[in-house]
Engineer: 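Right, I'll just put the structure down here and ask away after.
In what follows, every chain begins at residue 1, and chains take the letters A, B, ... in the order their sequences are listed.
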Protein chains: 2
Amino acid sequence: MAPRNPVNHACPIRDVLDRVGDAWSVLVLSELAKGPCRFNALLRVVNGISQRMLSVTLRTLERDGMVSRRVLPLAPPQVEYALTDLGQSLFASLSALKDWATAHQPSVRAARSSYDARMAQPSAAA
Amino acid sequence: MAPRNPVNHACPIRDVLDRVGDAWSVLVLSELAKGPCRFNALLRVVNGISQRMLSVTLRTLERDGMVSRRVLPLAPPQVEYALTDLGQSLFASLSALKDWATAHQPSVRAARSSYDARMAQPSAAA
DNA sequence: CTGAATCCGGATGGATACTG
DNA sequence: CAGTATCCATCCGGATTCAG
């Protein structure tokens, strides 16, 4: 997830984005933000995630201290995942970005349409 | 950059992260935040980016309205890239995340070490 | 100088099957 | 239930080459 290229600076932004930029982490994070959850429950609710990716994602999040893993000693083994304080604070910080996205989505959409339209017309300079 | 999987919700967070989660966008963004810059200048300063990825990244950012592109009509063609207002506001929002990262990097590092240590010892339940 | 097109190796991630 | 291991298709991204 992290070592995309050898030039990873000590840049804190890249550090977070490597942790959060992938397709699933944020989804899992936001599910767990609603409350603790078990593996298969996450699998069902995260919509489209594969068993493998859920497993990988959870392990990474756990390793980074965002998620806690509690094994219930029961007949059918149960494992409960939950956000740690650290994970909750990260999720909170992400909301700033979410707010930006929500606020500016129209602008971005407009920019895109405009760009696509401009590119479609070879006769731009007239 | 965006369509990692067909399940892209209309989730605004994923939307931003798809735009910003890749390895280079943020680097380019933060360079341009310092002021307008030309192609080859970016190429030199962004440390490790290839010509192709710079080109691709700039085009994406331009399409999304984050970056403006101005062609100077000169003998050796010059193209100047700069952040738009939209791009600057995004960059500003990213700083919240950067602050989080800076503040919690030690915690994350600690969590990782701890996790790695725990995993190294098969004898956990005693 | 600024870029686009092509080629291609490596990483990413889904499907499946198997284990505890 | 909660995962891991394997197999394999796809995509990303670097190097190179060509064009305006």
Engineer: Might you confirm whether atom CG of A/Asp85 has over 12 heavy atoms from other residues, nucleotides or ligands at distances under 6.0 Å?
Structural biologist: no
Engineer: Measure from CD on A/Gln51 to P on C/dA17 and round the result to the nearest Å.
Structural biologist: 12 Å
Engineer: Just to confirm, is there a sub-4.0 Å distance from OP1 or OP2 of D/dG3 to any side-chain nitrogen or oxygen of A/Arg59?
Structural biologist: no
Engineer: Is there a donor-acceptor contact under 3.5 Å from the side chain of B/Ser95 to the main chain of B/Lys98?
Structural biologist: no
Engineer: State which of D/dA2, C/dC1, C/dG3 makes the closest approach to the side chain of B/Pro77.
Structural biologist: C/dC1
Engineer: Using OP1 and OP2 only, check whether a side-chain N or O of A/Arg69 sits under 4.0 Å from D/dG3.
Structural biologist: yes
Engineer: Checking B/Ser114 against B/Arg118: is there a side-chain donor and acceptor pair closer than 3.5 Å?
Structural biologist: yes
Engineer: Under 3.5 Å, is there a donor on one side chain and an acceptor on the other for A/Asp99 and A/Thr102?
Structural biologist: no
Engineer: Out of D/dA2, D/dC1, C/dA4, which has the shortest distance to the side chain of A/Pro76?
Structural biologist: D/dC1
Engineer: Give a yes/no answer on whether the side chain of B/Arg38 brings an N or O atom under 4.0 Å of OP1 or OP2 in C/dT2.
Structural biologist: yes
Engineer: Rounding to an integer number of Å, can you tell me how far A/Leu72 CG sits from D/dG3 C1'?
Structural biologist: 16 Å
Engineer: Could you tell me the separation between the CD1 atom of A/Ile49 and the P atom of D/dG3, rounded to a whole number of Å?
Structural biologist: 13 Å
Engineer: Nearest whole angstrom, please: distance from the C1' of D/dA2 to the CG of A/Leu74.
Structural biologist: 13 Å
Engineer: Which of these nucleotides, D/dG3, C/dG3, C/dG14, is closest to any side-chain atom of A/Ser50?
Structural biologist: C/dG14
Engineer: What is the distance from CE of A/Met53 to P of C/dA15, rounded to the nearest Å?
Structural biologist: 12 Å
Engineer: Look at the side chain of A/Tyr81 and decide which nucleotide, out of C/dC1, C/dG3, D/dG3, has an atom nearest to it.
Structural biologist: D/dG3
Engineer: Nearest to the side chain of B/Asn40, which nucleotide is it out of D/dT4, C/dT2, D/dG3?
Structural biologist: C/dT2
Engineer: In whole angstrom, give the distance that lies between atom CZ of B/Arg52 and atom P of D/dA19.
Structural biologist: 19 Å
Engineer: Between A/Arg112 and A/Asp116, is there a salt bridge with N-O shorter than 4.0 Å?
Structural biologist: no
Engineer: In whole angstrom, what separates A/Leu54's CG from D/dA2's C1'?
Structural biologist: 10 Å
Engineer: Whole Å only: how far is the CH2 atom of A/Trp24 from the C1' atom of C/dT12?
Structural biologist: 13 Å
